[in-house]
Number of protein chains: 2
Amino acid sequence: MQKNSPDVAFRLEQELRRGVLMLAVLSQLRKDQYGYSLRQLLDAKGMAIEEGTLYPLLRRMEEQGLLHSEWKIEDGPPRRYYRRSRDGEKIYRGLATQWRGLVATVEGLMEESK
Amino acid sequence: MQKNSPDVAFRLEQELRRGVLMLAVLSQLRKDQYGYSLRQLLDAKGMAIEEGTLYPLLRRMEEQGLLHSEWKIEDGPPRRYYRRSRDGEKIYRGLATQWRGLVATVEGLMEESK
DNA sequence: GCACGATACATAGCTACACACAGTATGTCA
DNA sequence: TGACATACTGTGTGTAGCTATGTATCGTGC
């Protein structure tokens with residue numbers, strides 16, 4: 001093993017989850033959610049995401065038109081709430097379908113590798 | 001939609017498959033396979049991968065100790081055959097487990113987003 | 001023998017994005 | 001008032017997929 005084994009495995013696992021974060025985040029934005037709470041929610045469901053990742057991701061998806069956001073100051077500090085846009089709904093559904101196809105494909109590949 | 005919609009969806013779909021390519025490739029290397037044939041094999045099973053991606057990926061995984069390779073000149077042009085190493089076997093199994101957990105997590109997230 | 005196409009591999013440059021790290025701001029409580 | 005929690009923002013680094021391009025060998029037809 002030329003490279004540090006724990007690091008390699010760790011990096012590969014990170015890479016494995018990488019493209020899924022976006023889908024995970026989108027999945028929870030049917031209704032208004034703000035970043036901090038969204039992060040806690042995802043963490044509780046087994047999908048931890050760094051804040052340095054989540055906030056740029058949210059900003060990016062809004063720029064791409066997938067999300068709407070608005071500031072609210074009710075109780076506690078100011079919060080930025082996000083929610084899927086109409087286009088975001090369509091894209092989310094498309095991605096969900098793509099994901100399921102991907103899962104099936106990989107499942108087939110791994111089955112035959114025994 | 002501020003950005004070009006087909007491009008956004010396309011990019012997101014690409015991102016979705018990103019970290020999975022490595023797992024797909026690893027899954028097919030229980031026995032010797034060379035790049036070109038591996039690419040065709042994966043394509044036939046629904047997991048297309050660009051050669052500009054596959055070859056650096058194979059090289060990378062060998063450098064990380066996950067694969068062994070050897071040149072063979074039998075019939076046709078010279079080919080570089082790859083196969084999982086012992087460490088590669090271990091890491092592959094770990095990644096497969098990780099993947100299944102990830103799938104279950106995302107499934108749960110998407111279920112609740114209806 | 002040569003040209004062409006198929007097979008087979010390699011890599012530089014670019015883009016996109018997660019993560020690490022650091023900083024800012026507001027509200028709450030002792 | 002200061003400390004801490006909540007909440008958000010932004011920069012730099014590293015990694016990996018894709019595009020584009022190039023090299024090399026083999027096989028076949030002329």
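Here is how names work: the chains are called A, B, and so on, in the same order as the sequence lines, proteins then strands, and each is numbered from 1.
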Enquirer: Does Arg18(A) make a side-chain donor-acceptor contact with the base of dC17(C), cut-off 3.5 Å?
Expert: yes
Enquirer: Describe the nucleic acid contact of Gly52(A) in one word from base, sugar-phosphate, nothing, applying a heavy-atom distance below 4.0 Å.
Expert: base
Enquirer: Would you check if the side chain of Ser69(B) reaches a backbone N or O of Tyr81(B) as a donor-acceptor pair within less than 3.5 Å?
Expert: no
Enquirer: Do side-chain atoms of Ser85(B) reach the backbone of Gly65(B) as a donor and acceptor pair under 3.5 angstrom?
Expert: yes
Enquirer: Indicate whether OP1 or OP2 belonging to dA10(C) is found under 4.0 Å from a side-chain N or O atom of Tyr55(B).
Expert: no
Enquirer: Identify whether any heavy atom of Pro56(A) sits under 4.0 Å from a base atom; if not, whether one sits that close to sugar-phosphate; answer base, sugar-phosphate or nothing.
Expert: nothing
Enquirer: Is the backbone N or O of Leu26(B) less than 3.5 Å from a side-chain atom of Arg84(B), with the two atoms forming a donor-acceptor pair by type?
Expert: yes
Enquirer: May I ask you to verify if any side-chain N or O of Tyr36(A) is less than 4.0 angstrom from the OP1 or OP2 atom of dT6(D)?
Expert: yes
Enquirer: So if I take every side-chain heavy atom of Arg80(B) and compare against dA10(C), dC26(D), dC19(C), which nucleotide ends up nearest?
Expert: dA10(C)
Enquirer: To the side chain of Leu21(A), which of dG17(D), dT15(D), dA18(C) is closest?
Expert: dA18(C)
Enquirer: Taking atom C1' of dG17(D) as reference, at what distance in whole Å does atom CD of Glu50(B) sit?
Expert: 9 Å
Enquirer: Of Ile73(A) and Ala48(A), whose nearest nucleotide on DNA chain C comes first from the 5' end?
Expert: Ala48(A)
Enquirer: Within this structure, what is the CD-to-P distance between Glu51(A) and dA5(D), rounded to whole angstrom?
Expert: 14 Å
Enquirer: As an exercise, state the distance from CE of Met47(B) to CD of Gln28(B), rounded to the nearest 0.5 Å.
Expert: 9.5 Å
Enquirer: Rounded to whole Å, how long is the line connecting atom CG of Leu66(A) with atom C1' of dC17(C)?
Expert: 15 Å
Enquirer: What is the distance, rounded to the nearest whole Å, between atom CG of Leu12(A) and atom C1' of dG17(D)?
Expert: 15 Å
Enquirer: To the nearest angstrom, how far is Tyr34(A) atom OH from dT6(D) atom C1'?
Expert: 8 Å
Enquirer: Which sits closer to the 5' end of DNA chain C, Arg17(A) or Asp75(A), going by the nucleotide each is nearest to?
Expert: Arg17(A)
Enquirer: Please report, rounded to the nearest Å, how far the C1' atom of dC19(C) is from the CZ atom of Arg60(A).
Expert: 12 Å
Enquirer: If you compare all heavy atoms of Val20(B) against all heavy atoms of Leu16(A), which two are closest, and at what distance to 0.1 Å?
Expert: CA-CD1, 4.4 Å
Enquirer: Tyr82(B) near the nucleic acid: base, sugar-phosphate alone, or nothing, with a heavy-atom cut-off under 4.0 Å?
Expert: sugar-phosphate
Enquirer: What's the CG-P distance between Leu54(B) and dT11(C), to the nearest Å?
Expert: 14 Å
Enquirer: Measure CE/Met22(A) against C1'/dA18(C) and give the value in whole Å, please.
Expert: 13 Å
Enquirer: Determine whether a donor-acceptor pair (N or O, by modelled atom type, separation under 3.5 Å) exists between the side chain of Thr53(A) and the backbone of Ile49(A).
Expert: no
Enquirer: Looking for any heavy atom pair under 4.0 Å, which part of the strands does Gln14(B) touch: base, sugar-phosphate only, or nothing?
Expert: sugar-phosphate
Enquirer: For Arg39(A) and dC8(D), is the shortest distance between a side-chain N/O and OP1 or OP2 below 4.0 Å?
Expert: no
Enquirer: When you measure from the side chain of Pro77(B), which nucleotide among dC19(C), dT9(D), dT25(D) comes out closest?
Expert: dT25(D)
